[in-house]
Amino acid sequence: MADQPYYLTTPIYYVNDKPHIGHAYTTLACDVLARFHRLDGDDVHFLTGTDEHGQKVEKSAQAAGVDPQAFTDQVSQNFRRLAEDMNYSNDDFIRTTEPRHIEATQALWRKIRDNGHIYLGHYEGWYAVRDEAFYAESELTKDDNGNKVAPSGAEVEWVKEPSYFFDLSKWQQPLLDYYDANPDFIGPDTRRNEVVSFVAGGLDDLSVSRTSFKWGIPVPDDPEHIMYVWLDALNNYQTAVGYPDTESSLYSKYWPADLHMVGKDILRFHAVYWPAFLMAADLAPPKRVYAHGWLLNRGEKMSKSLGNVVTAGDLVDRYGLDPVRYYLLREVPFGQDGYISHETMVGRINSDLANDLGNLAQRVLSMIVKNCDAKVPQPQALTADDTTIIAAATDVLAAVRGEFERQAFHRGLEAIWKIVGDANRYVDAQAPWELRKTDPERMATVLFVLADVIRRLAILVQPIMPDAASAMLDQLAIAEDDRTFAALGADPAVVPGAELPKPSPVFPRYVDDETAA
RNA sequence: GGGCCCGUAGUUCAGUUGGUUAGAACGAACCGCUCAUAACGGUUAUGUCGCAGGUUCGAGUCCUGCCGGGCCUACCA
C-alpha cells in the first residue's frame with residue numbers, strides 16, 4: 001500500500017496562449033490529487049508543461065522579430081509563473097522544444113513506423129492562403145462570384161501536399177475493445193459515451209506530418225517533414241518519464257500514467273489518438289483520461305470578444321489563493337460546466353471557510369488559550385460523544401479518497417464539511433463555556449477532543465488549501481512530520497501540554513466595499 | 001440528420017437494482033446560545049419530481065411520444 005506510484009499529468013499548454021482561468025483550473029485539480037496522493041503515502045509524479053511547436057508560434061516569433069526558440073523560452077515563462085502563483089506542486093515542467101522530447105518523439109515515430117503503421121501519402125483539402133489554414137468542405141460558403149470562401153471570407157484553393165499518415169482506421173476495434181475492458185478509462189461517463197460512439201462510427205487515417213512550415217520536430221529520415229501537432233504534443237507524457245528508455249527507473253515505475261487530466265475540448269486526442277499511437281508502438285495506454293467542464297463567467301462562456309475573460313491572478317488578488325483554490329473545486333461539480341461569480345465566491349468564503357471551518361478553529365483555540373493556560377489540555381476518559389466525533393473525522397478519509405479517485409472534488413469536500421458541521425454542533429452541545437464553571441476537567445476533555453478534530457480537518461484539507469491548513473496545524477503545534485494521512489489515526493494526536501500560540505483567524509470574512517458601509 | 005446527457009424546493013444539486021410521509025446545502029422566517037471572525041446551534045416552510053400517455057399491486061426511478069436545454073458527430077445544398 002505504501003509507495004504506490006502515481007503518475008498524473010496536465011495537458012501541455014500552448015505557449016501562444018495567455019494563461020487564463022481554464023489553465024489554472026485544470027492544473028489545480030491535478031495539484032490537489034498530487035498532494036492528496038503524497039499525503040496518502042504514494043510515490044507521486046506530477047507533470048505539467050508547455051506545447052511550443054507549430055505554425056502559430058513560428059509566426060508569433062517572426063512578428064516579435066526573434067527566432068522561435070528564443071520566443072518560446074520567453075513565453076513559456078508565463079506558465080511557469082502561473083504554477084508558482086497558484087502554489088502547484090508539479091515535479092517536472094516539460095517543454096516540447098527540449099532535446100529530451102525531440103529525441104523521445106522521434107523514437108516513438110520510428111517505432112510506430114517500423115511496426116508498419118505510418119505510410120506516405122498526400123494531405124489535401126481546401127486551403128486559404130490568407131489564413132494559412134485548411135477548412136472542411138462544410139465550413140465553406142460561396143461569395144458573390146460563386147467562388148468558395150472560408151468563414152473568414154478568404155478565397156480557398158484545393159491544395160495537395162505530401163504527408164505521412166498514421167493508420168488510425170485500423171485501430172477502431174482495438175480501441176473499442178480497450179474501452180470495453182477498461183470501463184474507467186474515460187470519465188465522466190457522458191464523455192465516455194461520446195468517445196465510444198465516435199470511434200464506433202469509424203475512423204479515418206490521420207495526417208501526422210507537414211511540409212508547409214518548419215517549426216516542429218523533424219520526421220526521422222525525411223527532414224522535409226515535421227511531425228504534426230498531436231503526435232508531438234501527446235508524447236510529452238512519455239518523454240517526462242524517460243521514454244524511449246522503457247527500462248529506466250522512471251519509465252518502469254510510472255508508465256502507464258494513472259491519469260491524464262484534460263479539458264473536454266481535447267478529450268478525443270487523449271482518448272482516441274493517444275492510445276492508438278501507443279498500441280501501435282507496443283506500449284501501454286494510460287489508465288484514465290478525465291475531461292472536466294468549463295468555468296462560465298455568470299453563465300457566459302469567457303471570450304476575448306466578450307471581454308469577460310478572468311485570469312486566476314484576478315481572482316487570487318481579490319480573494320486570496322487558498323480561498324480561490326477551495327472555491328473552484330467546491331462550487332462547480334467537476335466534470336460539468338459551471339458558473340463562477342463574485343456572489344457565489346463570497347458565499348463560499350464566508351459560509352464555508354470563515355464561519356464554519358475558520359470560526360470553529362478560532363472559537364476552540366481561543367477557549368484553550370484563555371482557559372487552559374495556552375496549552376493543549378489533558379483529557380479525562382472520553383465519552384461516547386467524544387469518540388463518535390473523533391471516529392467520524394478519521395473515517396471520512398476513506399470517503400474523500402473514493403470521491404477524489406473519481407475526480408469528484410466537490411463531493412469529497414462536502415464530506416469533509418459534514419464533519420465541520422458535526423464539530424460545531426458538538427461545541428454547542430457540550431457548551432464548554434458552561435463546563436468552565438461547573439466541571440473544568442470535562443471542559444478540558446471537550447477542548448482536547450475539539451483540538452484533535454480540528455487537527456484532523458486541517459490535515460484533510462491540506463491538498464486543497466496547503467497554506468491555510470499549515471497555519472491551522474501550526475496553531476495546534478503539530479510537528480511537520482505528523483501531518484500525513486497516516487497521522488489521522490489516534491496517535492500521534494495533539495499533545496497535551498503542548499504550548500499553543502495565540503490564535504488568529506485563518507480565513508477572514510470577505511466584506512464587499514459597497515455593503516461594508 | 002444520427003447519437004449521448006439533462007430538465008426534482010427561490011438557487012445549486014442528491015436521489016442507489018422501481019417500494020412506506022421525495023432529501024442536502026445555500027437562501028428565508030422564527031427561536032436559542034454567547035466560547036468565537038455579529039460567527040454557532042435548533043425549529044419551520046415551500047416541490048403538479050418538464051408535459052402527456054403506458055407497463056406495474058406500486059414510478060422521480062422503466063417504456064413511448066412531445067416540449068425545453070446542453071454536448072458529440074454527420075450531411076444536404
Side-chain angles (χ1 to χ4, degrees), chain A residues 136-142 146 148 186-204 263-269 271-272 291-294 296 298-299 301 323 327 330-341 343-372 403 408 410-411 413-418 420-437 443-444 446-447 450-451 454 468 471-472 475 502-511 515-516:
Chain A
E137 181 84 39
S138 60
E139 294 178 277
L140 303 179
T141 53
K142 285 185 178 163
K148 285 180 184 289
I186 301 167
D189 286 342
T190 175
R191 299 292 164 207
R192 176 191 157 79
N193 293 343
E194 284 175 12
V195 170
V196 170
S197 95
F198 173 78
V199 173
L203 298 169
D204 294 329
K264 64 183 185 183
D265 55 327
I266 54 173
L267 175 61
R268 187 198 302 172
F269 306 104
V272 180
H292 69 249
W294 301 139
L296 306 174
R298 293 173 184 280
K301 182 157 186 172
Y327 170 78
R330 176 64 187 85
E331 180 68 19
V332 176
F334 202 70
Q336 298 175 31
D337 291 353
Y339 298 171
I340 60 172
S341 71
E343 290 74 15
T344 54
M345 173 78 80
V346 172
R348 288 295 172 192
I349 289 174
N350 288 349
S351 292
D352 296 2
L353 298 181
N355 295 352
D356 290 346
L357 179 57
N359 186 57
L360 170 68
Q362 186 66 12
R363 67 197 300 208
V364 169
L365 291 169
S366 292
M367 280 188 275
I368 291 177
V369 167
K370 286 179 187 165
N371 303 309
C372 305
E403 300 295 359
H410 60 297
R411 304 280 288 249
L413 290 172
E414 198 176 5
I416 296 174
W417 255 258
K418 169 70 170 56
V420 174
D422 289 346
N424 274 316
R425 277 183 286 279
Y426 173 88
V427 176
D428 279 45
Q430 301 294 328
W433 51 91
E434 289 294 332
L435 295 170
R436 179 172 55 131
K437 297 174 245 173
M443 177 199 73
V446 166
L447 293 178
L450 281 165
I454 293 166
M472 291 178 78
Q475 293 192 17
K502 187 174 190 301
S504 66
V506 174
F507 300 108
R509 286 178 65 77
Y510 184 94
V511 181
T515 58

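Numbered from 1 within each chain, the chains take letters A, B, ... in sequence-line order.
On the P atoms, G70(B) is 31 Å away from C26(B), given to the nearest whole Å. Straight-line distance between the C1' atoms of G23(B) and G15(B): roughly 7 Å, to the nearest whole Å. Nucleotides G18(B) and G58(B) are separated by 8 Å at their C1' atoms, to the nearest Å. Distance check on atom P: G50(B) versus A59(B) gives 15 Å, rounded to whole Å. The gap from the C1' atom of A14(B) to that of A24(B) amounts to 7 Å, rounded to the nearest Å. Comparing U8(B) with A22(B), their C1' atoms sit 8 Å apart, to the nearest whole Å. The same atom, P, is picked in C4(B) and in C63(B); the two are 11 Å apart, to the nearest Å. Here the separation of U20(B) from U61(B), taken at their C1' atoms, is 16 Å to the nearest Å.
Look at Arg191(A) and you won't find any side-chain N or O under 4.0 angstrom from OP1 or OP2 of C4(B). Between Lys370(A) and A36(B) there is a side-chain N or O to OP1 or OP2 distance below 4.0 Å.
Between Gln362(A) and Val506(A), every side-chain heavy-atom pair lies at or beyond the 4.5 Å cut-off. Looking at heavy atoms from C-beta onward, Leu353(A) lies out of side-chain contact with Arg509(A) at the 4.5 angstrom threshold. In this structure, Trp417(A) and Asp422(A) have side chains that are not in contact, with every pair of non-hydrogen atoms separated by 4.5 Å or more.
Residue contacts shown for Arg425(A) are limited to sugar-phosphate atoms, with no base heavy atom under 4.0 Å away. Residue-level contact check: Gly358(A) touches the bases, meaning some heavy atom is under 4.0 Å from a base atom. Nucleic acid contact class of Val195(A) (heavy atoms, under 4.0 Å, all strands): none. Residue Asn350(A) is classed as having no contact, given no heavy-atom separation below 4.0 Å to the nucleic acid. Counting any heavy atom pair closer than 4.0 Å across all strands shown, Glu343(A) reaches no nucleic acid atom.
If you take OH of Tyr339(A) and P of G70(B), they are 11 Å apart, rounded to a whole angstrom. Note: CE (Met443(A)) to P (C35(B)) measures 13 Å, nearest angstrom. Rounded to an integer number of Å, the gap from CG of Asp265(A) to P of C72(B) is 9 Å.
Candidate nucleotides A36(B), C35(B), G3(B) were compared by shortest atom distance to the side chain of Ser197(A), and G3(B) ranks first. In this structure, of G3(B), G32(B), C71(B), it is G32(B) that holds the atom nearest to the side chain of Asp428(A). Distance from the side chain of Glu194(A) is smallest to C71(B) among U37(B), C4(B), C71(B). Closest to the side chain of Trp433(A), out of C13(B), C33(B), A36(B), is C33(B). Here the side chain of Asp356(A) is nearest to one of C40(B), A14(B), U37(B), namely C40(B). In the set U37(B), G41(B), C4(B), the nucleotide with an atom closest to the side chain of Asn193(A) is C4(B). You'll find that the side chain of Ser351(A) is closest to G27(B), out of G3(B), U37(B), G27(B).
Side-chain atoms of Asn359(A) come within donor-acceptor range of the base of A36(B), with a qualifying N/O pair under 3.5 Å.
Checked against ring pair (Phe, Tyr, Trp, His ring centres under 6.0 Å), Phe334(A) has the following partners two or more places apart in sequence or in another chain: Tyr25(A), Tyr290(A), His292(A), Phe409(A).
Separation of atoms CG (Leu357(A)) and CG (Asn424(A)) is listed at 9.0 Å; rounding is to 0.5 Å. Going from atom CG of Asn359(A) over to atom CZ of Phe507(A) covers 12.0 Å, rounded to the nearest 0.5 Å. Rounding to the nearest 0.5 Å places CD of Glu434(A) at 12.5 Å from CE of Met443(A).
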A correct dot-bracket answer for RNA chain B, with pairs being Watson-Crick or G-U at under 3.5 Å, [ ] for crossing pairs and | for inter-strand pairs, is (((((((..((((.....[...)))).(((((.......))))).....(((((..]....))))))))))))....
**Report entry** Arg348(A)/Asp356(A) under salt bridge (Lys or Arg N to Asp or Glu O under 4.0 Å): CA gap, chis, key distance, verdict
**Finding:** CA-CA 10 Å; Arg348(A) 288 295 172 192; Asp356(A) 290 346; over 6 Å; no
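At a threshold of 4.0 Å, the pair Arg192(A)-Asp189(A) does not count as salt-bridged, since none of the basic side-chain nitrogens sits closer than that to a carboxylate oxygen.
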